[in-house]
Colleague: 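Pasting a structure here, questions to come.
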Amino acid sequence: MRKLALSDEILLTIEKPARYIGNEVNAVMKDKNAVDVSFVMCFPDVYEIGMSHLGIQILYDMFNRREDVYCDRVYSPWTDLDKIMREKDIPLFAVESQEPVKSFDFLGITIQYEMCYTNILQILDLSKIPLLSKDRTEEDPFVIGGGPCTYNPEPIADFFDLFYIGEGETQYYALIDLYKEHKKSGGCRKEFLEKAAELPGIYVPSFYETEYNEDGTIRRFYKTNPHAKDTIVKELVMDMTDTYYPEKPVVPYIKATQDRVVLEIQRGCIRGCRFCQAGMIYRPVRERKLEMLKERARTMLKNTGHEEISLSSLSSSDYSELKELVTFLIDEFKDQKINISLPSLRIDAFSLDVMSKVQDIRKSSLTFAPEAGSQRLRDVINKGLTEEVILNGAGMAFEGGWNRVKLYFMLGLPTETEEDIKGIAELSDKIARRYYEIPKDQRNGKVQIVASSSFFVPKPFTPFQWAKMCTKEEFLDRARIVNHACREQLNHKSIKYNWHEADVTVLEGVLARGDRRIAPVILKAYEKGCLYDAWSETFHNDLWMEAFEECSVDIAFYNNRERDVDEILPWDFIDTGVTKEFLKREWKNAKEEKVTPNCRQRCSGCGVMRFEGGICIENKN
Amino acid sequence: MKIRIKFRKYGVLKFIGHLDVMRYFQKALRRAEVDISFSGGFSPHPIMSFAAPLGVGLTSDGEYLDIEVNSTDSSKEMVKRLNAVMVEGMEIISYRKLPDKMKSAMSQVAAADYLLSFREGYEPQNWSEWVEAWERFLAQPSMVVWKKTKKSEQEVDIRPMVYQIGLNGQTIAMRVATGSAQNLKPEFLMEAFYQFAGMEWSSFTFQVHRVETYMEGEDGFVSLEEAGTVIEMD
Ligand code: SF4
């Protein structure tokens, strides 16, 4: 029988012991000592969140297909276990093998959001791996980071030995082969890093240095090792059909956030919303073939026993064979009582028809993401959703029996005026009015409109990367304007307005937009006890502010000034394929309120055509 | 058609609570392509019910689950199919057809056998003293203890709920009342004993293992499995 790293006493004392015992359905479980390369994949948040992440499932499956590799998993211990592990000096272990994380060759950490940065330090700390890359020895695993946050890896560069920039499917096998060879020939840590630095997509932060100007901006970012590359071009999969995709994803015992089969139908997005980082860094759009998706839907449902399947992509409505796919799913799985969940669908006649087949209309709600309250501002952000389209869609849905609407907005967008802000309330009211146009005897009680706003962070590699971000006070003032305006509307009783925490957004801004001088702040915040910052009950803004203070790092420098388009940005050395010229052009178009067509309408020459795939090629044919 | 499934739960699966075991079986039945019947309504769920929920930390050789199916293969084949989709720590022992009018496993449960062994570090320091106290404890005509219910706390005599009890080396074997009418948890009995003997109690003292779950038979208890018949097919 498997021996667990934690005693019965501990496991029966903490919340949800199933987080730490592994042995899940479809877990691979190899003998770690019988393989050449051992890799432990980490999602630095609690198990239920980590287990829901598709990227890890893809890489886990891909790694374990190789007989010479064992890929195990680890997640952040929740605060209850964290405390016990520190008290009893128990080293962090991987869930399947139950062996210390430190005993693996690689620790791969996927970095999906900035608010997990202190959790990364927790993982290293509990594993007894030195927090700073420079302090690690031959005894330590190589710590490699991947995921969207690595498009600006600089604030966390000191904590990692390597970063993998881009999609994991393409270079990991090469990296593993390199390591295998290295292990055989018995070179030192630095020698391996030098070889790895030559692989496409691999960034070894210790081989670079930054010089700063007196005003704090970057003067020069340069490599200090001849093996390093000047720019790191992101890696991406060009053939999305003939590639790795799990047939037997791991199924946890406890309910994960994604308790369903996830079918990623495409990567990238044609839309080009100017605030959206994913829409830029995952260019170009690459679809998976319908036949593959059908086949995977069948095998994954069979192998997991999940009772639900969900389509995943940035904008599912843009998938060219959506109708065929959805019809197939309904026809094939309806009798097996499989729920079909279709997030991110545009509301139109087709989607309403599908939704009425797969959900209970009385319980479901319509979702729109206008992102901005006025047409003017929607043009600035290039969100091609007009008021007319929203009202038509809502009208159609109301006539079909729906009476709940969710609206998503952002506050603090570039060029935003009071009028734009009030537009959020006005649009909500117009939707309510549209509902009450339906004769009383034909409508389904009252309409409920929930408008939510998040605060905008100008992210790297978007046309807004140079923009000034609002301060906490400015954010909250704007939210108050919306709240007030909602109360002045005719249908104010039908409108509920929610807004997010501003403290977290401010911090997200610095962590997303910062440079290497942010690392000491993260370290200090962690030392002060910050952990699970993404969870409101464990987020301590005061500790973070103390950390900034003590490290003499000025938040305003990173967040609250518009950056000059010629300023060297911390992430400039990464090449996502989208050119800086394109981003500059789009920044200008935004200020001029000019809309840019989507990739399917017309190519606007963003630069990723050089990868020679996806929509860029389809357009030409 | 009603089916009764008997299974074992062992190893690390003891850390999986009852609700998660239910979720586990919902998915496992799908993986094994069992032709299960669903409830009606907009969010249909498979028709299944468990006999007596097993607490977190306990292992068992005698767990039961009743399901309803539209069609089935032979018992032998179904056991094989289900075991092919189990994880280590879950094993299907039998799959039997129940008479149509059979009451649910949950309402049939009347008793269960348990084995309790000391967890490492919790063994008594003086075994003969322990045994001597144990014998005095069991010799009492009644064992009145305070039992907390949802609403109040009340004095109950738990002696009648202990049907059989004995020692086998340092392992305690017992048959106690289980189910909705009367229910005695083995740990509860042991805690009462430790209090009686003036010994320090910890809820970790024993690893508790359920051996079998019973219903009332014509003369005495019979295992829940007995209510079903093996499905043969050729
Ligand atoms: S090159 Fe053109 S088609 Fe390709 S992603 Fe960029 S804008 Fe779209």
Colleague: Given a strict heavy-atom distance threshold of 4.5 Å, which part of A:Thr304 is in contact with chain B: side chain, backbone, both, or neither?
Modeller: backbone
Colleague: Could you pull out the closest heavy-atom pair between A:Ala18 and B:Ile16, with the gap in Å?
Modeller: CB-CD1, 3.6 Å
Colleague: With a 4.5 angstrom heavy-atom cut-off, is it the side chain or the backbone of B:Phe25 that approaches chain A, or both, or neither?
Modeller: neither
Colleague: Using the rule side-chain contact (heavy atoms from CB on, under 4.5 Å), only one of A:Leu6, A:Asn23, A:Leu4 pairs with B:Phe15; which is it?
Modeller: A:Leu4
Colleague: Does B:Lys147 have more than 12 heavy atoms from other residues, nucleotides or ligands lying within 6.0 Å of its NZ?
Modeller: yes
Colleague: Please look at A:Lys255 and chain B and tell me whether the side chain, the backbone, both or neither of the residue comes under 4.5 angstrom of a heavy atom of that chain.
Modeller: both
Colleague: Using atom types as modelled and distance alone, determine if a side-chain donor or acceptor of A:Lys337 lies under 3.5 Å from a backbone N or O of B:Phe38.
Modeller: no
Colleague: About how many Å separate OH of A:Tyr253 and CG of B:Asp20, when rounded to the nearest 0.5 Å?
Modeller: 10.5 Å
Colleague: Answer yes or no: are there more than 12 heavy-atom neighbours, outside A:Glu87 itself, under 6.0 Å from its atom CD?
Modeller: yes
Colleague: If you count the non-hydrogen atoms of other residues, nucleotides and ligands that lie under 6.0 Å from CG in B:Asn168, is the total more than 12?
Modeller: no
Colleague: Counting heavy atoms not belonging to A:Lys294, are there more than 12 under 6.0 Å from its NZ?
Modeller: yes
Colleague: Under the criterion side-chain contact (heavy atoms from CB on, under 4.5 Å), I'd like the reasoning laid out for A:Val25 against B:Lys27: C-alpha separation, chi angles, the key distance, then a yes or no.
Modeller: CA-CA 10 Å; A:Val25 173; B:Lys27 294 183 200 281; over 6 Å; no
Colleague: As a quick check of understanding, evaluate side-chain contact (heavy atoms from CB on, under 4.5 Å) for B:Arg23 and A:Asp259, giving each step before the final call.
Modeller: CA-CA 10 Å; B:Arg23 283 170 25 81; A:Asp259 181 28; 2.9 Å; yes
Colleague: Which atoms of A:Gln336 come close to chain B, meaning under 4.5 Å heavy atom to heavy atom: side chain ones, backbone ones, both, or neither?
Modeller: both
Colleague: Would A:Glu24 and B:Val87 satisfy side-chain contact (heavy atoms from CB on, under 4.5 Å), going step by step from the backbone distance to the final call?
Modeller: CA-CA 7 Å; A:Glu24 302 95 332; B:Val87 291; over 6 Å; no
Colleague: Measure across A:Asn303 and B:Arg31 and return the closest heavy-atom pair with its distance rounded to 0.1 Å.
Modeller: O-CD, 3.1 Å
Colleague: Mark yes when over 12 heavy atoms from residues, nucleotides or ligands other than A:Lys30 sit less than 6.0 Å from its NZ; otherwise mark no.
Modeller: yes
Colleague: May I have the step-by-step check of side-chain contact (heavy atoms from CB on, under 4.5 Å) for A:Asp8 and B:Lys14, ending in yes or no?
Modeller: CA-CA 10 Å; A:Asp8 279 17; B:Lys14 73 180 176 196; 2.8 Å; yes
Colleague: I'd like to verify something: which residue of A:Leu11, A:Ile254, A:Ile21, A:Val251 has the highest number of heavy-atom pairs under 4.5 Å with chain B?
Modeller: A:Ile254
Colleague: What part of A:Asn339 lies closer than 4.5 angstrom to a heavy atom of chain B: side chain, backbone, both or neither?
Modeller: neither
Colleague: To check you understand the geometry: which heavy-atom pair defines the closest contact between B:Arg30 and A:His306, and what is its length?
Modeller: CD-O, 3.8 Å
Colleague: Looking at B:Glu200, I'd like to know if its CD atom is crowded, meaning that more than 12 non-hydrogen atoms belonging to other residues, nucleotides or ligands lie closer than 6.0 Å.
Modeller: no
